[in-house]
A.B. asks: 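Okay, here's the structure, questions in a sec.
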Amino acid sequence: MKEQVCWDEYIGLSFPVEGEMEDLREGRKHMGSQMIHHSIFIIISCPVGLLVGTLDVVLDSSARVAPYRILYQAPDSLVYWTIACGCSRKEITEHWEWLEQNLLQTLSIFENENDINTFVRGKIQGIIAEYNKINGIKEDDDTEKFKEAIVKFHKLFGMPEEEKLVNYYSCSYWKGKVPRQGWMYLSINHLCFYSFLMGREAKLVIRWVDITQLEKNATLLFPDMIKVNTRSSEHFFSVFLNISETFKLMEQLANIAMRQLLDNEGFEQDRSLPKLKKKSPKKVSALKRDLDARAKSERYRALFRLPKDEKLDGHTDCTLWTPFNKMHILGQMFVSTNYICFTSKEENLCSLIIPLREVTIVEKADSSSVLPSPLSISTKNRMTFLFANLKDRDFLVQRISDFLQQTTSKIYLEKDISGSCISSDDEVFTRPNSIISASPHKSLSSESDGERQFNLNGNGIPTATQALMTMYRRRSPEEFNPKLAKEFLKEQAWKIHFAEYGQGVCMYRTEKTRDLVLKGIPESMRGELWLLLSGAINEMATHPGYYEDLVEKSMGKYNLATEEIERDLHRSLPEHPAFQNEMGIAALRRVLTAYAFRNPNIGYCQAMNIVTSVLLLYAKEEEAFWLLVALCERMLPDYYNTRVVGALVDQGVFEELARDYVPQLYDCMQDLGVISTISLSWFLTLFLSVMPFESAVVVVDCFFCEGIKVIFQLALAVLDANVDKLLNCKDDGEAMTVLGRYLDSVTNKDSTLPPIPHLHSLLSDDVEPYPEVDIFRLIRSSYEKFGSIRADLIEQMRFKQRLKVIQTLEDTTKRNVVRTIVTETSFTIDELEELYALFKAEHLTSCYWGGNSNAIDRHDPSLPYLEQYRIDFEQFKGMFALLFPWACGTHSDVLAARLFRLLDENGDLLINFREFSNPPAQAGSPRAHCTGLHPGAF
């Protein structure tokens with residue numbers, strides 16, 4: 001087999017990489033060769049036939065990129081080294097002249113060909129290294145073949161250097177009824193396709209932000225096909241070598257684009273990824289590695305409810321000894337910067353989360369035939385975890401050691417800042433072959449009820465250090481005795497569970513844990529277990545003092561969010577005594593205001609007040625804040641932003657699930673328009689606004705344990721229980737009454753709390769009471785009938801709905817903007833919509849290709865949509881060239897600058913859409929923007 005080492009076009013010189021040069025023999029039939037030296041010659045590519053041009057694209061040859069090459073060939077060898085290449089005869093001649101002066105004359109001093117080979121290769125590589133050093137170019141992990149693809153991508157589609165190619169795949173594009181074999185290029189912002197078949201060239205460029213639908217389809221002829229829809233067209237691709245990998249990457253890039261439309265943020269590559277070892281095979285680009293690592297970290301965080309910034313370092317197969325059943329469970333260990341986690345291969349059998357801040361000892365135990373490569377990890381609460389069957393134990397221990405040292409350094413730094421010192425309780429034990437870690441530890445349940453009190457006065461920031469429910473728990477001495485007995489049994493069941501499976505963040509989490517949650521968490525343990533199950537305990541433990549600082553900074557500050565918070569404070573569980581006085585209202589105000597300042601992109605949204613008030617009933621004020629963070633930023637993503645995008649997405653998911661699981665009801669509900677009405681109120685408040693309080697908190701228990709799937713299951717169970725009544729409804733009002741009366745009748749007979757008045761707005765007094773529905777029976781029914789709904793299925797459906805929802809919102813925004821300004825300009829509605837699309841596209845381009853002005857200055861979400869998006873002069877020049885095709889002479893930049901100054905009414909060197917579409921009177925008719933300039937404009 002022939003070998004080839006070639007350099008990609010890089011001022012004629014670049015990095016070597018091994019590969020085959022199969023096209024050389026065939027190419028010589030169409031090339032002129034001029035021998036200059038017995039081992040160096042020039043290959044000049046001449047125009048080739050249609051068949052060769054077609055093969056060039058299909059086989060991904062680089063000949064079309066570099067038609068002129070200087071090759072080095074050792075005598076009696078089939079190895080060719082491309083030491084220079086160029087796009088023109090003049091360019092390759094300049095390279096050759098340099099070689100004559102600096103290289104060829106030196107070759108005569110060598111006595112054998114091996115020395116010549118070594119010298120030529122070393123000389124060229126040295127020149128490249130020096131050039132990169134002078135110009136500040138860093139080596140990367142991309143292969144030479146991929147670098148060739150980058151050059152081809154930029155040239156074929158006219159993309160700037162800032163547009164980063166992620167990967168490319170061979171496939172067929174169906175243009176009409178004819179498939180075009182070629183290459184799909186996936187970059188951060190574009191999906192591109194190129195084909196050259198029998199003299200016909202086909203190009204396709206689609207921006208990810210324009211895609212409205214992306215899905216895998218299966219047909220009889222092609223079992224694997226990817227469909228891509230935009231607002232105006234649909235495209236089909238097939239014959240992929242690895243369709244799953246391709247589609248996953250397309251999904252990821254489309255999600256990044258949707259996030260850009262939501263948050264107006266460009267993509268930032270992660271430069272902290274470890275570089276590949278020199279001997280490691282370079283199979284994918286550095287950017288593809290980055291995106292793969294992001295996807296794995298995202299799944300890892302979702303699986304173990306970890307903070308948003310946690311990055312997965314790696315995972316490995318292993319076994320875990322579980323003392324509660326005395327078995328070695330097969331599963332996977334995951335290691336990240338701050339956590340060691342484990343999940344069993346068998347779903348729900350066992351999972352484990354070990355924060356490194358809790359680790360005291362990590363040591364390698366002696367191997368045996370029964371227990372090969374064991375690893376023991378001990379924590380501060382005196383639990384020891386034994387892993388075995390680790391493939392590369394030494395490397396794993398070293399990685400954990402590195403992360404533990406970083407964790408210890410952070411802890412000592414925090415201690416130095418706070419001026420505290422390590423107590424005797426924080427000492428760690430040392431053993432041979434062990435890794436030592438020290439960190440301050442405070443048990444979640446270390447404070448007694450007597451110590452949990454309100455700190456509302458004094459020099460510190462006033463915050464409630466006690467759950468509100470502990471102050472407003474009212475019990476009658478007689479009638480609740482049976483319920484109190486049952487509550488006591490629940491508490492005992494949890495204590496037994498803790499004794500067997502461990503307590504705190506490092507406990508073994510099994511199916512039995514979930515079963516206990518589904519039976520209802522005891523009132524006294526609810527806040528503690530919410531923190532544990534949601535993962536909020538980790539964020540709170542790693543951010544000591546954060547909430548108090550936020551409260552202090554936000555006190556006395558006023559903005560739109562604080563005004564809305566003040567308006568809704570007294571609407572938050574007004575029937576509960578805890579919020580009928582200033583103490584509870586003040587705590588609610590502080591938590592909501594602090595979060596609005598933490599996350600201004602969300603600020604405050606209606607429904608947050610209802611959820612937060614319930615959190616405050618069972619958790620201390622700081623705990624309630626971190627529970628709200630977990631809810632808004634991880635468990636219900638985008639639910640509470642200004643456009644409630646997450647809730648709308650899940651509304652679409654719920655419609656799909658209803659169609660699949662209650663098909664007999666789906667058409668009726670669609671006709672009545674009920675699903676869209678009910679789902680928002682149910683999902684945004686986790687049923688707290690539509691169920692009696694004592695029943696709804698059980699739903700919240702299950703939600704913190706199982707996530708959003710519980711809400712979908714419960715919603716489907718409610719519809720299923722009312723199928724017959726809903727089918728007989730004549731309008732949406734009647735259907736809402738049926739559902740409202742049903743939900744209002746859901747009771748919690750185990751609750752030790754006195755009934756809190758909860759009358760549904762649609763319930764009328766003259767209708768006989770609805771039969772009581774037990775909340776635990778309803779939850780059990782939801783698992784029996786709809787428990788097959790998986791979290792990964794929900795995420796797939798969310799992606800599909802997210803594209804639809806965000807693009808629909810974008811279209812609505814565009815129509816609102818056009819409707820607002822159409823009376824101020826002489827442009828037609830269609831023309832304004834086209835101008836707005838062009839203006840928004842140019843603004844988004846600046847987000848990922850950069851610009852002279854700050855990205856924050858170019859977008860202010862607090863302004864009306866007409867003025868939110870702004871472009872600077874460099875962006876305006878690009879639009880000027882598109883709108884004024886006749887202005888392409890030497891003075892085009894001058895004309896663009898004068899028009900820009902004329903449109904920039906407020907002189908901030910930025911133009912918003914109102915200024916762009918409605919210029920001042922001295923500019924003449926607005927339509928002159930596209931047809932000609934007013935004589936007096938300049």
A.B. asks: State the NZ-CG distance between K248 and L291, to the nearest 0.5 angstrom.
C.D. replies: 14.0 Å

A.B. asks: Using every non-hydrogen atom in the two residues, find where A254 and L214 come nearest and quote the distance to one decimal.
C.D. replies: CB-CD2, 4.3 Å

A.B. asks: What's the separation between atom CG in D210 and atom OG in S232, rounded to the nearest 0.5 Å?
C.D. replies: 8.0 Å

A.B. asks: Less than 4.5 Å apart, any side-chain heavy atom of C171 and any of V239?
C.D. replies: no

A.B. asks: Do the rings of F876 and F916 sit parallel, tilted or perpendicular, given the 30° and 60° boundaries?
C.D. replies: perpendicular

A.B. asks: Apply side-chain contact (heavy atoms from CB on, under 4.5 Å) to L186 and Y168, showing your working.
C.D. replies: CA-CA 6 Å; L186 305 180; Y168 63 105; over 6 Å; no

A.B. asks: Which atoms form the tightest heavy-atom contact between W174 and S238, and what is the distance?
C.D. replies: NE1-OG, 2.8 Å

A.B. asks: Parallel, tilted or perpendicular for H235 and Y173, by the 30°/60° rule?
C.D. replies: tilted

A.B. asks: Please identify each residue that fulfils side-chain contact (heavy atoms from CB on, under 4.5 Å) with R901, with sequence neighbours left out.
C.D. replies: A897, R898

A.B. asks: According to salt bridge (charged side-chain N to carboxylate O under 4.0 Å, His left out), does anything in residues 233-245 pair up with another residue at least two apart or in another chain? List the pairs.
C.D. replies: K227-E234, E245-K288

A.B. asks: Side-chain contact, heavy-atom cut-off 4.5 Å: V166 with L249?
C.D. replies: yes

A.B. asks: Is the centre of the F240 ring less than 6.0 Å from the centre of the Y169 ring?
C.D. replies: no

A.B. asks: Give a yes or no on whether the backbone of P179 and the side-chain of S172 come within a donor-acceptor separation of less than 3.5 Å.
C.D. replies: no

A.B. asks: Give a yes or no answer on whether the side chain of T246 reaches the backbone of N242 with a donor-acceptor pair at less than 3.5 Å.
C.D. replies: yes

A.B. asks: Does L312 offer a backbone N or O that forms a donor-acceptor pair with the side chain of S297 under 3.5 Å?
C.D. replies: yes

A.B. asks: Tell me, do K216 and I243 make a side-chain contact under 4.5 Å, heavy atoms counted?
C.D. replies: yes

A.B. asks: When you compare the side chains of T93 and H95, does any donor N or O come within less than 3.5 Å of an acceptor on the partner?
C.D. replies: no

A.B. asks: Give the intermediate values and the outcome of side-chain contact (heavy atoms from CB on, under 4.5 Å) for residues S187 and K164.
C.D. replies: CA-CA 6 Å; S187 67; K164 304 298 183 183; over 6 Å; no

A.B. asks: Is the backbone of A295 close enough, under 3.5 Å, to the side chain of D292 for a donor and an acceptor to pair up by distance?
C.D. replies: no

A.B. asks: Can you find a pair of side-chain heavy atoms, one from I400 and one from D402, that are under 4.5 Å apart?
C.D. replies: no

A.B. asks: State plainly whether the residues R399 and D313 are in salt-bridge range, i.e. N to O under 4.0 Å.
C.D. replies: yes

A.B. asks: Q181 and S170: side-chain donor and acceptor closer than 3.5 Å?
C.D. replies: yes

A.B. asks: If you define the side chain from C-beta out and look only at heavy atoms, does anything of E251 sit under 4.5 Å from L253?
C.D. replies: no

A.B. asks: Between atom CG of N189 and atom CE of M159, what is the distance when rounded to the nearest 0.5 Å?
C.D. replies: 8.5 Å

A.B. asks: About how many Å separate CE of M879 and CG of L838, when rounded to the nearest 0.5 Å?
C.D. replies: 3.5 Å

A.B. asks: State, yes or no, whether a side-chain contact exists between T316 and D392 at a heavy-atom distance under 4.5 Å.
C.D. replies: no

A.B. asks: Using the rule given for side-chain contact (heavy atoms from CB on, under 4.5 Å), can you reason through L910 versus I871, listing the C-alpha separation, both sets of side-chain angles and the distance that settles it, and then say yes or no?
C.D. replies: CA-CA 5 Å; L910 294 169; I871 60 174; over 6 Å; no

A.B. asks: Going from CD1 on I70 to CG on L99, what distance comes out if it is rounded to the nearest 0.5 angstrom?
C.D. replies: 5.0 Å

A.B. asks: Measuring only between side-chain heavy atoms, which start at C-beta, is L191 closer than 4.5 Å to W208?
C.D. replies: yes

A.B. asks: Please evaluate residues K145 and E148 with respect to the criterion salt bridge (charged side-chain N to carboxylate O under 4.0 Å, His left out), reporting the C-alpha separation (whole Å), side-chain torsions for both, the decisive distance (0.1 Å), and the verdict.
C.D. replies: CA-CA 5 Å; K145 186 177 180 182; E148 291 178 8; over 6 Å; no

A.B. asks: Write down the atom of F880, the atom of S892, and the distance for their closest heavy-atom approach.
C.D. replies: CE2-O, 3.6 Å

A.B. asks: Assess the pair Y194 and W183: is the distance between their ring centroids shorter than 6.0 Å?
C.D. replies: no

A.B. asks: How about CD on E310, more than 12 heavy atoms from neighbouring residues, nucleotides or ligands closer than 6.0 Å, or not?
C.D. replies: yes

A.B. asks: Among R180, R200, E201, exactly one meets side chain to side chain contact (heavy atoms under 4.5 Å, CB included) together with S195. Which residue is that?
C.D. replies: R180

A.B. asks: Which residue is it: F193, F157, F146? I am looking for the one with a ring pair (Phe, Tyr, Trp, His ring centres under 6.0 Å) to Y185.
C.D. replies: F157

A.B. asks: Can a donor-acceptor pair be found between the side chains of H190 and E163 at a distance below 3.5 Å?
C.D. replies: yes

A.B. asks: With rounding to the nearest 0.5 angstrom, report the CZ to CE distance, F237 to M184.
C.D. replies: 4.0 Å

A.B. asks: Give me the atom names and distance for the closest heavy-atom approach of S336 to F403.
C.D. replies: O-CD1, 3.4 Å

A.B. asks: Before you tell me yes or no, could you show the steps for F873 and D904 under side-chain contact (heavy atoms from CB on, under 4.5 Å), namely the whole-Å CA-CA distance, both residues' side-chain angles and the distance that decides it to 0.1 Å?
C.D. replies: CA-CA 10 Å; F873 175 63; D904 185 15; over 6 Å; no

A.B. asks: Quick one about D394 and Q398 (side-chain donor to acceptor, distance below 3.5 Å, no hydrogens or angles considered), yes or no?
C.D. replies: no

A.B. asks: When you compare the side chain of N255 with that of F799, does any pair of heavy atoms fall below 4.5 Å?
C.D. replies: yes

A.B. asks: Do you know which two heavy atoms are closest between I911 and F839, and how far apart they sit?
C.D. replies: O-CZ, 3.2 Å

A.B. asks: Keeping Q875 on the side-chain end and E842 on the backbone end, is there a donor-acceptor pair under 3.5 Å?
C.D. replies: yes

A.B. asks: Indicate yes or no for a side-chain donor-acceptor contact from K203 to the backbone of L156 under 3.5 Å, with no hydrogens or angles considered.
C.D. replies: yes

A.B. asks: Which pair of heavy atoms, one from L803 and one from I211, lies closest together, and at what distance?
C.D. replies: CD2-O, 4.0 Å

A.B. asks: Testing the 3.5 Å rule here: is there a donor-acceptor pair between the side chains of W96 and E100?
C.D. replies: yes

